[in-house]
Undergrad: 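I'd like to ask you about the structure that follows.
Heavy atoms only: backbone and side chains are in, while hydrogens, waters and symmetry mates are out.
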Amino acid sequence: TLRKRSLRHNVTAGGIFSVMSAISDNFVNPLAIYLGASPNLIGYLKSIPQLIAPFFQIMSASITDKLKNRKKIVLASILLQALIFIPAIMVALYFRNPWLVLLVFGFHALFGSFLTPPFSSWLGDIVEPEIRGKYFGFSNKVSGFVSVVSLIAAGIILQFFTDRGAVFVGFAVIFLIAGLARLASA
């Protein structure tokens, strides 16, 4: 049935999303540190997007109610979140400014938070109440496993390039992987 296909697709998409999430959650601060970010900037990098994100979720919920098309909002947000890795790669390779890391990954976080209300409500409609615990448990198991493997692989890739004196190329490569994974998770 369509519902079963949607559930399977969501588990797969969640696993692919975990590749992006593992990289963006764990390698942004190291990039900023390599670029000479101050402790204050590192604090801003983690806190400012989290402070602003709830307002984007409120705005997203309102827009979702008006447009009545969760799929379009989710897909547009995923596309924007994937495309933000292009400027992330440019920062790593060319601009090398820690403040630009804050700007780029601030937008990354905002696009991610924008899709949360429509995606969560959409998923709530797809996953029947009697299977939610089992389904989300399995989905989170898959995502967690993929996340750990992705984190290790990204670390190996970054170390490979660091050993060759090309740490910023390493960051660009892992951000490229993250962006492609986010795009593939749509």
Side-chain angles (χ1 to χ4, degrees), residues 10 13-125 136 139-140 143-144 146-147 150-151 154 168 171-172 174-186:
N10 186 64
I16 296 168
F17 164 83
S18 295
V19 173
M20 185 273 309
S21 182
I23 292 170
S24 63
D25 291 350
N26 294 290
F27 290 94
V28 173
N29 277 359
L31 173 62
I33 291 167
Y34 266 102
L35 293 173
S38 68
N40 283 339
L41 181 57
I42 295 299
Y44 299 152
L45 189 56
K46 286 297 180 183
S47 61
I48 290 175
Q50 298 304 317
L51 289 170
I52 298 171
F55 298 105
F56 273 74
Q57 289 183 353
I58 292 168
M59 184 173 32
S60 171
S62 177
I63 291 170
T64 301
D65 285 344
K66 286 180 184 148
L67 294 181
K68 307 235 184 281
N69 192 330
R70 295 177 290 195
K71 185 177 182 178
K72 281 185 180 177
I73 295 169
V74 167
L75 291 176
S77 297
I78 289 172
L79 178 62
L80 290 170
Q81 196 175 33
L83 292 175
I84 203 70
F85 284 98
I86 295 170
I89 291 166
M90 301 299 285
V91 168
L93 289 177
Y94 303 110
F95 300 116
R96 298 192 181 163
N97 181 322
W99 288 97
L100 289 176
V101 175
L102 173 63
L103 181 67
V104 168
F105 283 97
F107 277 106
H108 168 76
L110 296 179
F111 295 141
S113 68
F114 197 83
L115 72 84
T116 300
F119 180 75
S120 296
S121 67
W122 188 12
L123 201 53
D125 289 347
F136 287 117
S139 179
N140 288 338
S143 293
V146 172
S147 184
S150 300
L151 183 60
F168 294 113
F171 279 112
I174 64 173
F175 290 149
L176 174 64
I177 292 167
L180 292 173
R182 188 56 176 138
L183 199 55
S185 73

Undergrad: Mind checking the OG-NZ spacing from S77 to K72? Nearest 0.5 Å is all I need.
TA: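 It is 13.5 Å, given to the nearest 0.5 Å.
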
Undergrad: When rounded to the nearest 0.5 angstrom, what distance separates OG in S18 from CG in N140?
TA: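 Those atoms lie 8.5 Å apart.
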
Undergrad: Taking the side chain as every heavy atom from C-beta outward, state whether F111 and L79 have any pair of such atoms under 4.5 Å apart.
TA: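 The answer is no, as the side chains (C-beta and beyond) never meet within the 4.5 Å cut-off.
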
Undergrad: Between P54 and Q50, what is the shortest heavy-atom contact and its length?
TA: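 Closest heavy-atom pair between P54 and Q50: CD-O, 3.2 Å.
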
Undergrad: For residues P49 and Y44, report the shortest heavy-atom separation together with the two atoms involved.
TA: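 Residues P49 and Y44, closest heavy atoms: CD-O, 3.5 Å.
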
Undergrad: Hey, what do you get for CZ (F114) to CE (M59), rounding to the nearest 0.5 Å?
TA: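 F114 atom CZ to M59 atom CE measures 5.5 Å (nearest 0.5 Å).
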
Undergrad: Under 30°, 30 to 60°, or over 60°: which ring-plane class applies to F85 and F105, parallel, tilted or perpendicular?
TA: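 Ring orientation of F85 relative to F105: perpendicular.
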
Undergrad: Distance from I174 atom CD1 to M20 atom CE, nearest 0.5 Å?
TA: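 Going from the CD1 atom of I174 to the CE atom of M20 covers 13.0 Å.
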
Undergrad: Do you know which two heavy atoms are closest between S150 and A22, and how far apart they sit?
TA: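 That closest heavy-atom pairing would be CB-CB, 4.0 Å.
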
Undergrad: I want to check something: taking the side chain as every heavy atom from C-beta on, are V91 and L35 in contact at a cut-off of under 4.5 Å?
TA: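 A side-chain contact under 4.5 Å exists here.
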
Undergrad: Please confirm whether the backbone N or O of G43 pairs with a side-chain atom of S47, one donor and one acceptor, at under 3.5 Å?
TA: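 Yes; at least one donor-acceptor contact below 3.5 Å.
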
Undergrad: Is there a side-chain contact between L183 and I78 (heavy atoms, below 4.5 Å)?
TA: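 L183 does not reach I78 side chain to side chain.
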
Undergrad: Under the side chain to side chain contact (heavy atoms under 4.5 Å, CB included) rule, what do R182 and S185 come out as? Steps first, then yes or no, please.
TA: CA-CA 5 Å; R182 188 56 176 138; S185 73; 2.8 Å; yes

Undergrad: Per the salt bridge (charged side-chain N to carboxylate O under 4.0 Å, His left out) rule, what does the pair list look like for residues 56-69, sequence neighbours excluded?
TA: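 Salt bridge (charged side-chain N to carboxylate O under 4.0 Å, His left out) check on residues 56-69 returns no pairs.
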
Undergrad: Considering non-hydrogen atoms only, spot the tightest contact between L45 and N29 and give its length.
TA: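 Minimum heavy-atom contact is CD2-OD1, 3.1 Å.
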
Undergrad: So F175 and L31, do their side chains get closer than 4.5 Å, heavy atoms only?
TA: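 Of all side-chain heavy-atom pairs linking F175 with L31, at least one is under 4.5 Å.
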
Undergrad: Of the non-hydrogen atoms in S139 and N10, which two are nearest, and what is the gap between them?
TA: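 For S139 versus N10, the nearest heavy atoms are OG-ND2, 4.5 Å.
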
Undergrad: Can you see which heavy atom on I84 is nearest to which on Q81, and at what distance?
TA: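 Scanning both residues completely, I find the closest heavy atoms to be CG2-O, 3.0 Å.
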
Undergrad: Quick one, W122 and T64 - any side-chain contact, counting heavy atoms below 4.5 Å?
TA: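 Contact flag for W122/T64 side chains = no.
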
Undergrad: Less than 4.5 Å apart, side chain to side chain, heavy atoms only: is that true for V28 and H108?
TA: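 The answer is no, as the side chains (C-beta and beyond) never meet within the 4.5 Å cut-off.
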
Undergrad: Indicate yes or no for a side-chain donor-acceptor contact from S120 to the backbone of P117 under 3.5 Å, with no hydrogens or angles considered.
TA: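 No, the answer is negative, given that no donor and acceptor are paired below the 3.5 Å cut-off.
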
Undergrad: Under 4.5 Å between any side-chain heavy atoms of I73 and F119, yes or no?
TA: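 Result no, sub-4.5 Å side-chain heavy-atom pair not found.
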
Undergrad: Any heavy-atom pair between the side chains of L41 and S38 that's under 4.5 Å?
TA: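 Contact flag for S38/L41 side chains = yes.
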
Undergrad: Do other residues, nucleotides or ligands put more than 12 heavy atoms under 6.0 Å from the OH atom of Y34?
TA: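 For Y34, atom OH is not crowded (no more than 12 foreign heavy atoms under 6.0 Å).
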
